Protein chains: 2
Amino acid sequence: MRDAAFCTSSCTMTRTMGVLGGKWKLIIISYLGQRRVRFGQLAQRLSLISRKVLTEQLKELEEDGIIRREAFAELPPRVDYSLTERGLALLPILDQLCAWHGPVAPVEEVRQTAGAGQVPA
Amino acid sequence: MRDAAFCTSSCTMTRTMGVLGGKWKLIIISYLGQRRVRFGQLAQRLSLISRKVLTEQLKELEEDGIIRREAFAELPPRVDYSLTERGLALLPILDQLCAWHGPVAPVEEVRQTAGAGQVPA
DNA sequence: GCCGTTAGTTACGCGAAGGTAACCAGTTTT
DNA sequence: AAAACTGGTTACCTTCGCGTAACTAACGGC
C-alpha cells in the first residue's frame, strides 16, 4: 500500500488502509506485540514473508511511527524491533479483529508462547 | 487475498487477514455501514475501485458471510448490498481503527451524510 | 586467508492483481 | 428502431508486489 490516492482520500477508512493496508503490516504488528524482537527472529517466525519484503514493511512501519528500530553497534550486528506507543495502541483492536474472525484467540497464544515453536505465519 | 496459505495458517491474525486483507474489503464494509446500498451507488461512491474489482470483492465478502446480496426482479434490475450480522459486528472495530489513525472520525461522518456528496474513496 | 555470523541491499523476473473497454440481457423511453 | 438504464461479465493488457538468489560490511574464530 502506501498509495498516494489512499493517503489523501477524504475517507478515514481509506486513509487508514493507506497506512495499515497490505498483506503483512497487521501480522507483523500482531507478532511483535509487547516484545522486542531481533530482525532474524522476525524473519524466522514470519517465514511466509521474504526477507526483502520484511525489511520494506518494517521500514514503512517505522516511518509511520508504529514500530521502533534500535540498531546496536555490536558484532555480529544486532537490530531490535518493538512497537511504539502508537503501535501498542493497535494491539487491543487487533485482538478484537481476531476474536471477530475465530472463536479461538491465538494471537495471545502466539504472543505468550513465542519461544515454544509456534509458526505465526 | 484469499490466499490458501493465509487461511490455513496457525496464526489467527494471518487467517483474519486472509478474509479481510486486500486493499478494498474494509473500505467497502465501512462504507456500507448500516445501510442498504445499490450496486451502482457503491460503484459511484467508491470510485477508486473499478467495477470489475468491486464485483469480485463483493462476491468474496458475500461468500464469507459478511455482506448480503439481494437481487430484485425489477426493471431496470436492482441489487442491494448490506452487511450481515457478522459484518455489522465489524463496524465498531473499524471505527476504533479509524479513531486510532486520525483524530477526526469521518467514517461516521461518511455514513451519516451519505447523500451529501462525500467522496469516500 | 577463509568461513561464519547478522542485517541488510540489489538485480532480475514471474504471476497475480487490477484497470480499460467492449459486450449482454430485458424493458421503458424517445 | 434505436437509445438508455442497471448490473454485471469477459477479454486483454499493464502494473507492481513479491520471491529468489547473489552480494555487502565488519568482525571473530580457526
Side-chain angles (χ1 to χ4, degrees), chain A residues 1-7 9 14 17-28 31-32 35-64 67-82 121, chain B residues 1-7 9 14 17-28 31-32 35-64 67-82 121:
Chain A
M1 206 72 80
R2 270 317 195 58
D3 190 311
F6 270 64
C7 294
S9 163
T14 305
M17 290 308 289
V19 175
L20 297 181
K23 283 161 106 160
W24 306 114
K25 296 250 174 96
L26 293 188
I27 296 173
I28 295 174
Y31 176 70
L32 273 178
R35 293 173 295 137
R36 307 164 97 250
V37 182
R38 295 187 60 164
F39 177 80
Q41 203 178 340
L42 276 172
Q44 268 180 37
R45 300 280 174 179
L46 308 176
S47 53
L48 282 184
I49 321 181
S50 70
R51 276 176 109 73
K52 192 192 89 173
V53 175
L54 182 57
T55 48
E56 284 171 7
Q57 303 290 305
L58 288 172
K59 202 171 291 182
E60 289 187 9
L61 285 170
E62 193 196 357
E63 285 170 13
D64 288 329
I67 66 175
R68 181 177 16 248
R69 178 182 184 280
E70 295 169 278
F72 300 88
E74 299 179 359
L75 255 301
R78 179 176 141 218
V79 179
D80 280 359
Y81 289 94
S82 56
Chain B
M1 207 70 82
R2 271 313 195 63
D3 190 310
F6 269 64
C7 294
S9 164
T14 305
M17 290 309 288
V19 175
L20 297 180
K23 283 162 105 159
W24 306 113
K25 297 247 173 96
L26 294 188
I27 295 172
I28 294 174
Y31 177 69
L32 273 178
R35 292 173 294 137
R36 307 162 97 252
V37 182
R38 297 187 58 165
F39 177 80
Q41 203 178 339
L42 276 173
Q44 268 180 37
R45 301 278 174 182
L46 308 176
S47 53
L48 282 184
I49 320 181
S50 71
R51 274 175 112 71
K52 192 191 88 175
V53 175
L54 182 57
T55 48
E56 283 170 7
Q57 303 290 304
L58 288 171
K59 202 170 291 180
E60 289 187 10
L61 285 170
E62 192 196 357
E63 285 171 13
D64 288 328
I67 66 175
R68 180 176 18 247
R69 179 181 185 279
E70 296 169 278
F72 300 88
E74 300 179 359
L75 256 300
R78 180 176 141 220
V79 179
D80 279 0
Y81 290 93
S82 56

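Labels below follow one simple rule: chain letters A, B, ... track the order of the sequence lines, proteins then strands, and each chain is numbered from 1. Quantities reported herein were computed from a predicted structural model and do not represent experimental measurements.
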Next item on the list: Give me the bend of the helix from C:dG1-D:dC30 to C:dT30-D:dA1, using the axes of the five pairs at each end, rounded to 10°.
Entry: 30°
Notebook entry, point to check: Quick one: which of C:dT9, C:dA7, D:dT6 gets closest to the side chain of A:T55?
Noted result: C:dT9
Check: Of the candidate nucleotides C:dG8, C:dT9, D:dT9, which contains the atom at the shortest distance from the side chain of A:K59?
Finding: C:dT9
Check: C:dG8 P sits how many Å from A:F72 CZ, rounded?
Finding: 12 Å
Checklist line | Residues that B:K52 engages under side-chain contact (heavy atoms from CB on, under 4.5 Å), provided they are two or more places apart | finding: B:S50, B:E56
Notebook entry, point to check: Looking at B:R38, B:E70, B:R36, B:R69, which hits side-chain hydrogen bond (donor to acceptor under 3.5 Å, both in side chains) with B:Y81?
Noted result: B:R69
Notebook entry, point to check: Does B:K23 reach the side chain of B:L48, with side-chain heavy atoms less than 4.5 Å apart?
Noted result: no
Next item on the list: Using atom CG of B:L58 as one end and atom P of D:dG8 as the other, report the distance to the nearest whole Å.
Entry: 8 Å
Checklist line | Interatomic distance where CD belongs to A:Q41 and C1' belongs to C:dA7 [whole Å] | finding: 14 Å
Notebook entry, point to check: Is A:R69 near enough to C:dG8 that one of its side-chain N or O atoms lies under 4.0 angstrom from OP1 or OP2?
Noted result: yes
Notebook entry, point to check: How does protein contact run along nucleotides 18-30 of chain D, one letter per nucleotide 5' to 3', with B for base contact, S for sugar-phosphate only, - for none, heavy atoms under 4.0 Å?
Noted result: BBB-----BS---
Item checked: Below 4.0 Å: OP1/OP2 of D:dG7 and any side-chain N or O of B:R38 -> yes
Note to self: Without decimals, in angstroms, what is the distance between B:R78 CZ and C:dT27 C1'?
What the structure shows: 17 Å
Next item on the list: Could you tell me whether B:W24 and A:F6 have their ring centroids closer than 6.0 angstrom?
Entry: yes
